[in-house]
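Because only heavy atoms are used, hydrogens play no part in the values below, and waters and symmetry mates are left out as well, while side chains stay in. Note that the numbering runs from 1 along the sequence shown for the chain.
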Amino acid sequence: MADTKREIERKYESDDSGLPDLTGVAGVAAVIDKGVAHLDATYYDTHDERLAASSITLRRRTGGTDAGWHLKFPVAPGVRDEIQAPLSDTVPRVLAGLLRSRVRDAELRPVVRLRSDRDVRHLVDAEGVLLAEASVDAVRAERLTEGGGAVQWTEIEVELADGGDPGFLDKVEKRLRKAGVRPSGSASKLARALAETDGKRKRRRKAGRPAAPETAGDHVLAYLRAQRDAIVELDPAVRRDVYDSVHRMRVATRRMRSAFRSYGLVLDRAVTDPIGEELKWLAGELGVDRDQEVLTERLTARLDELPRTLLTGPVRTRLRTWAHARSSGSRRRLIAVLDGKRYLDLLAALDTLVADPPVLKAADGRPSKVLPKAVRKDFGKLTELVEQAIELPSGTDRDLAIHEARKKCKRTRYSAEAAAKALGEPAVDLARSMKSLQGLLGDHQDSVMARAALRDLAGQAYGAGESTFTYGVLYGHEERRAELVELDLPVTWPTIKGDMEV
């Protein structure tokens with residue numbers, strides 16, 4: 001079993017080895033000496049240091065109050081999520097799973113051993129509540145891979161107490177700076193150990209940034225690379241069931257697949273189409289329960305809006321039962337998908353695509369010429385679908401036309417996003433307009449799906465001898481919401497169409 005905590009800390013260096021007096025920090029009533037802890041940590045990574053390249057650390061540590069395995073993911077500067085697992089001889093399975101998207105089939109092996117003598121102080125308020133832990137760490141680092149190498153240093157670390165106000169660290173830092181202490185140049189002990197042993201040259205090479213986009217192909221590939229990175233980076237969050245992570249990964253797959261189609265003049269679709277089909281498969285797996293959750297949330301919200309006088313029968317209970325019955329219980333299935341060969345093969349294909357892209361002649365063209373052409377083509381197809389939907393009478397055919405327009409709207413939005421860095425404000429404005437239109441058309445589609453669900457629920461209630469009145473009321477509300485979208489669309493669309501400048 002693994003536990004997760006949010007770690008907020010700052011590291012400092014000083015020409016002196018001691019900790020300055022922190023009793024003058026606002027809010028600190030006492031600084032309590034907690035003694036010296038002797039820590040021994042072994043850090044693991046792949047042979048090519050993939051985890052370090054992503055600022056991820058995996059260690060096995062003994063000593064101190066939290067001996068065990070620690071896996072840390074960066075959240076923001078000075079902020080990391082730490083997942084802890086009990087001490088064992090090998091990497092715990094739950095932590096290995098969280099690293100699968102980066103490690104793939106590579107072996108995790110010891111790369112650095114850090115032994116630290118940690119002199120700990122607790123900063124507490126007038127009631128004895130812990131505000132932060134400050135320590136002076138005397139570190140001895142030894143590289144365990146080829147070439148060896150060792151280094152030692154002393155650093156000051158200040159870690160915010162769980163649930164504390166991050167602003168308190170600013171107060172501590174102000175006091176430390178006055179005492180001549182300066183922020184550390186390394187984000188972590190591991191980063192410093194790697195930089196200061198025989199891996200220094202390799203670390204500098206990895207830190208290099210790709211050249212700024214110049215051609216149309218450069219811009220498209222930069223966009224695709226960002227989506228590939230998003231899929232890889234969101235994988236651990238999806239496994240941990242972090243809020244909105246499934247949706248965000250699904251969007252990344254859609255953006256990538258959409259770019260394949262929109263920029264077929266830049267990248268060879270004979271190569272990208274099969275990858276696009278695999279992305280479609282992954283999006284489907286990610287959406288197994290997502291669509292059901294969204295629908296259930298919508299119906300629950302509608303129920304909450306109704307006066308009690310319009311609630312007849314066990315509507316809420318039936319909605320919960322219905323939602324549970326339609327849920328696939330796919331959590332375990334999704335993890336199996338992410339651990340499976342098909343998914344890992346897809347990640348490998350994405351790596352190959354961005355490293356050795358199947359570029360066509362247009363990829364070498366000027367962004368200002370190639371990219372607008374693709375965006376205008378997408379917008380033209382969207383125009384046909386929207387205007388067709390406006391002309392159709394209300395009913396199933398119009399519902400289908402609006403749904404198709406919504407999908408094309410997404411594609412236009414994504415193609416504009418991919419072109420935004422090259423084309424500037426016109427592309428940014430178009431992407432913004434497409435997002436707004438997507439919301440409008442999406443509300444209509446959600447209404448269609450909600451009405452189908454309400455018919456199903458009413459049928460079940462009728463069969464059980466329950467009142468169907470409330471389902472009818474909700475159905476009427478959803479019908480009205482769809483009508484409002486259909487009335488708004490002919491008014492909104494001419495403005496969007498007139499503002500098209502790409």
Search all heavy atoms of [X] against all heavy atoms of [Y] and return the closest pair with its distance.
| X | Y | value |
| --- | --- | --- |
| Cys409 | Leu441 | CB-CD1, 4.4 Å |
| Leu224 | Met256 | O-CE, 3.3 Å |
| Ser101 | Pro236 | OG-CD, 4.3 Å |
| Pro74 | Ser55 | CD-O, 3.3 Å |
| Arg50 | Val103 | NH1-O, 2.8 Å |
| Thr46 | Ala106 | CG2-CB, 3.8 Å |

Do [X] side-chain atoms and [Y] backbone N/O form a donor-acceptor pair below 3.5 Å?
| X | Y | result |
| --- | --- | --- |
| Ser415 | Thr412 | yes |
| Ser245 | Val242 | yes |
| Asp218 | Glu214 | yes |
| Thr470 | Thr312 | yes |
| Arg239 | Gly97 | yes |
| Arg257 | Gly276 | yes |

Is the number of heavy atoms from other residues, nucleotides or ligands under 6.0 Å of [X] [atom1] greater than 12?
| X | atom1 | answer |
| --- | --- | --- |
| Arg93 | CZ | no |
| Met500 | CE | yes |
| Asp105 | CG | no |
| Arg366 | CZ | no |

Does any part of the side chain of [Y], heavy atoms only, come nearer than 4.5 Å to the side chain of [X], both counted from C-beta?
| X | Y | answer |
| --- | --- | --- |
| Ser188 | Arg80 | yes |
| Ile275 | Leu350 | yes |
| His444 | His403 | no |
| Lys421 | Tyr223 | no |
| Ile496 | Met434 | yes |
| Gln460 | Glu466 | no |
| Ile83 | Trp69 | no |
| Arg298 | Ser447 | yes |

Residue list, salt bridge (Lys or Arg N to Asp or Glu O under 4.0 Å) with Glu133, at least two apart or on another chain: none
Go through the structure and list residues passing salt bridge (Lys or Arg N to Asp or Glu O under 4.0 Å) with Asp397, not counting sequence neighbours. none
Separation of [Y] [atom2] from [X] [atom1] (nearest 0.5 Å):
| X | Y | atom1 | atom2 | value |
| --- | --- | --- | --- | --- |
| Phe73 | Ser54 | CZ | OG | 9.5 Å |
| Arg250 | Leu234 | CZ | CG | 14.0 Å |
| Tyr343 | Trp281 | OH | CH2 | 9.0 Å |
| Leu51 | Ile56 | CG | CD1 | 5.5 Å |
| Asp235 | Arg100 | CG | CZ | 9.0 Å |
| Tyr263 | Lys373 | OH | NZ | 13.0 Å |

Identify whether the distance between the nearest side-chain nitrogen and carboxylate oxygen of [X] and [Y] falls below 4.0 Å.
| X | Y | result |
| --- | --- | --- |
| Arg316 | Asp304 | yes |
| Lys280 | Asp273 | no |
| Lys407 | Glu404 | yes |
| Lys5 | Glu7 | no |
| Asp351 | Arg104 | yes |
| Lys497 | Glu387 | yes |

Report the C-alpha separation of Leu489 and Leu437 in whole Å, then their side-chain angles, then the decisive distance to 0.1 Å, and conclude whether the side chain to side chain contact (heavy atoms under 4.5 Å, CB included) test is met. CA-CA 9 Å; Leu489 187 57; Leu437 180 62; 3.9 Å; yes
For residues 388-396, run the donor-acceptor check on the side chains, cut-off 3.5 Å, and write out each pair with its distance to 0.1 Å, sequence neighbours left out.
{"from": "Ser394", "atom 1": "OG", "to": "Glu486", "atom 2": "OE1", "distance (Å)": "2.8"}

Which residue is it: Lys435, Arg255, Arg432? I am looking for the one with a side-chain hydrogen bond (donor to acceptor under 3.5 Å, both in side chains) to Glu417. Arg255
Side chain to side chain contact (heavy atoms under 4.5 Å, CB included) between Leu382 and Val386, worked out: CA-CA 6 Å; Leu382 171 64; Val386 170; 3.7 Å; yes
Is there a salt bridge (charged side-chain N to carboxylate O under 4.0 Å, His left out) between Glu483 and Arg480? Walk through the geometry before answering. CA-CA 5 Å; Glu483 289 175 359; Arg480 180 55 180 164; 3.2 Å; yes
Apply side chain to side chain contact (heavy atoms under 4.5 Å, CB included) to the pair Leu360 and Leu265, showing each step before the final yes or no. CA-CA 7 Å; Leu360 300 175; Leu265 290 176; 5.7 Å; no
Please evaluate residues Arg102 and Asp45 with respect to the criterion salt bridge (charged side-chain N to carboxylate O under 4.0 Å, His left out), reporting the C-alpha separation (whole Å), side-chain torsions for both, the decisive distance (0.1 Å), and the verdict. CA-CA 10 Å; Arg102 290 177 172 85; Asp45 206 334; over 6 Å; no
Please report the C-alpha distance between Leu123 and Val172 in whole Å, then the side-chain angles of each, then the deciding distance to 0.1 Å, and finally whether the side chain to side chain contact (heavy atoms under 4.5 Å, CB included) criterion is met. CA-CA 10 Å; Leu123 311 184; Val172 175; 4.2 Å; yes
Residue of the set Arg451, Arg302, Arg455 for which salt bridge (Lys or Arg N to Asp or Glu O under 4.0 Å) holds with Glu478: Arg302
